[in-house]
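Given the structure is predicted, the values throughout are model-derived calculations rather than measurements. Chain identifiers are assigned alphabetically (A, B, ...) following the order of the sequence lines, protein sequences preceding nucleic acid strands; residue numbering begins at 1 within each chain. As a basis for the values below, the full set of heavy atoms in this structure was taken, side chains included, without hydrogen atoms, waters or symmetry mates.
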Amino acid sequence: MMSIRSVMAGLASVVALGAFTPACGGKEYVRDSHDPSIDNAAMSTGLDKDDIQRMLSENLNNLRNAPIMDLWRTHRGADTVAVFPFQNETSEHIESQLTTILSEAETWLVDSGVVTMISRERQNQMIAEVEGHRNAVFNPAHVAQYGRQLGAKYFVTGKVSTSDERTDDARRVQYFFYMQVIEVETSAIRWQHKAYITKMVK
Amino acid sequence: MRRLSLVALATIAGLVGCGGHEARTLKMRTALDEGQPKAAISSINDEIDVKSDKDLPADIQGDNALLVLDRASIQQSLAQFPNSQRDFEAADKAIDLLDLSRNASDTIGQYIFSDSAGRYKAPPYEKLLINTLNMINYLERGDLSGARVESRRLSVMQRYVVDNLGQKDNPVIGLGGFLAGLTYEKSGQPDEALRFYDDALAFQGFSSLRTPTRTLMQSASYKSPRLNTLAAEAPSRPVEQTGEAEIILVVGYGRVPHKIANRIPIGLALTYFSSAINPHDLEAANKLAVEGAAIWINYPTLAPGQGGYAIPVASVDGRSVGLEEAVDVEKQVRAEWHSIEGRVAASAITRALARVGVGEGVKTVAGRDSTVGFIAAIGSMIALTAADTPDTRSWETLPARVAVTRVRVPAGKHTVRLDARGVSRTAEVNLEKGGWSVVSLMALR
């Protein structure tokens with residue numbers, strides 16, 4: 001508990017520092033092309049553009065040099081690949097960020113030109129057929145069935161999990177981002193890699 | 001020095017006239033009392049300066065976070081689950097940030113001017129209930145992925161409350177365990193589900209959870225002494241095998257006591273709270289009380305709660321279903337307040353003594369015998385007294401009690417009706433074999 005003396009000293013500090021003076025001026029909108037540094041600051045413990053780019057870059061650079069990519073290159077685009085939703089096993093609501101990751105990974109594979117990508121529009125139709133029309137929700141346990149229905153030879157999937165801790169004055173979220181390429185026929189994992197990101201509020 | 005005093009007075013004058021959080025939420029509480037939740041939301045929208053229920057305030061860093069939390073609860077009571085979800089999530093992050101932020105001006109402001117000048121520190125039951133209640137939103141919509149995120153967030157907070165704050169017996173953990181266990185059970189993760197059910201069964205009876213837990217144990221490896229004891233009773237077949245489905249009912253009713261501003265003479269305050277004041281301040285306070293100085297102490301206290309003894313009613317297809325109490329939130333609020341009330345009142349007494357000190361200081365600066373000095377001293381004390389707004393901030397739209405149950409029903413269409421405190425909800429559910437549905441009612445009257 002504070003004594004009166006320390007309270008009085010505090011009053012002098014407050015007055016001196018002008019702590020209660022309201023801030024002046026309105027909000028300012030900034031564009032990243034004018035100020036690239038605005039992408040650098042972490043605004044929350046969720047995933048932002050910088051985190052997504054770093055995690056994807058780590059995983060896709062590894063895939064670029066993986067044996068499965070060499071195999072696909074030798075087959076000159078004959079292999080069909082489907083990208084399935086990435087699972088959110090984190091303590092953050094990052095579904096929209098996962099959708100972005102999915103699209104970025106799909107774009108990277110299309111641009112690579114070594115495989116034939118199966119449209120995600122068709123995927124939803126296949127998921128509905130496997131799950132039944134009344135409950136057309138993606139079920140990770142049935143991905144092999146989806147792949148067979150789609151005629152895909154491989155599918156790319158992934159998940160993001162976290163280790164989340166809190167103390168009196170800090171909350172730290174460590175993200176673990178896994179990506180896999182699975183062969184539909186055998187369910188064998190042909191490639192897998194992980195990337196880490198840590199966010200903290202303190 | 002004279003200039004400094006004038007700056008101090010001008011700064012203080014800027015704080016005069018603030019009615020505190022209690023005043024900001026008066027319209028909301030009145031509307032809820034009258035059974036007008038939409039009007040309650042409208043009054044919050046006015047307070048946070050937004051046009052519709054879907055908008056978040058431009059600044060959610062300060063006390064607006066609490067108002068968004070209040071709106072989340074009311075949106076849930078109106079079955080506006082997506083809006084409620086969004087509000088809970090925004091408030092959760094903002095309150096987390098407030099809770100983790102500290103700086104010197106918070107403490108100085110808190111002790112000199114008013115408790116409400118400092119940042120809001122959410123009590124443990126509020127921290128736990130944000131994720132617990134938001135889990136209901138996700139479960140109502142059948143979104144197990146979203147519910148699992150909330151249950152993970154709850155788990156982090158539970159660990160913090162149990163390990164760091166030492167509250168192993170906080171009963172909110174029981175309700176959270178019931179819902180998180182359900183989330184994992186229906187996600188096909190029986191071990192994780194049993195971990196939460198084990199936590200839940202440590203608290204209230206949750207008799208409707210005993211059979212599902214025993215049934216789940218047949219397909220899981222997680223064990224504990226409590227679960228082993230439970231395993232001795234006969235299990236039933238899973239709903240996937242019997243062709244049945246399940247309905248889970250959650251009813252919150254009444255409202256926890258909110259905080260109100262209290263103003264009493266220093267002599268009376270000393271009678272109640274002298275044991276919580278440090279000896280130096282106690283001596284000064286006693287001197288003032290004996291001199292008969294008209295010093296008033298501003299501090300918050302709890303208003304009466306609402307609906308604590310109401311009896312909620314539930315039925316499925318017209319057949320009555322028994323609900324059991326999962327948590328008495330009002331009891332938690334009172335227990336938490338009881339544990340800090342002495343310290344809060346003591347800081348109010350310290351602030352009152354500081355006001356006298358400031359008055360004396362201003363008089364000295366202006367000249368002890370001058371009329372200007374006397375007026376300045378009185379003026380500064382009046383301004384400080386007016387600025388001393390007791391901290392009446394809290395999550396006011398928490399239900400006083402929450403009751404739950406889960407029942408097996410044949411697959412197909414069913415009509416669920418829930419009633420509490422004159423508020424009712426009827427929901428039609430269509431369940432496949434092995435399916436499930438959560439139906440909730442938040443009667444915040």
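Ion pairing between a basic and an acidic side chain is recognised when a charged N comes within 4.0 Å of a carboxylate O; Glu92(A) and Arg153(B) show such pairing. Using a 4.0 Å cut-off between a side-chain N of Lys or Arg and a carboxylate O of Asp or Glu, Arg152(B) and Asp164(A) do not qualify as a salt bridge.
Interatomic distance, Asp96(B) CG to Ser44(A) OG, rounded to the nearest 0.5 Å: 11.0 Å. For the atom pair CG (Leu165(B)) and CG (Asp168(A)), the distance works out to 7.0 Å, reported to the nearest 0.5 Å.
Phe88(B) has its ring centre no less than 6.0 Å from the ring centre of His93(A).
Residues satisfying the salt bridge (charged side-chain N to carboxylate O under 4.0 Å, His left out) criterion with Glu95(A), sequence neighbours excluded, are absent altogether. A search for salt bridge (charged side-chain N to carboxylate O under 4.0 Å, His left out) contacts involving Arg120(A) returns Glu106(A), not counting sequence neighbours.
A 6.0 Å sphere centred on CG of Asp49(B) holds no more than 12 heavy atoms belonging to other residues, nucleotides or ligands.
The greatest number of non-hydrogen atom pairs below 4.5 Å with chain A, out of Gly146(B), Gly142(B), Ser155(B), is found for Gly146(B).
In this structure, Arg148(B) and Asn88(A) have side chains that are not in contact, with every pair of non-hydrogen atoms separated by 4.5 Å or more.
Under a 3.5 Å cut-off, the side chain of Arg166(A) and the backbone N or O of Tyr160(B) do not form any donor-acceptor pair.
The minimum heavy-atom distance linking Ala170(A) with Leu100(B) is given by the pair N-CD2, 3.4 Å.
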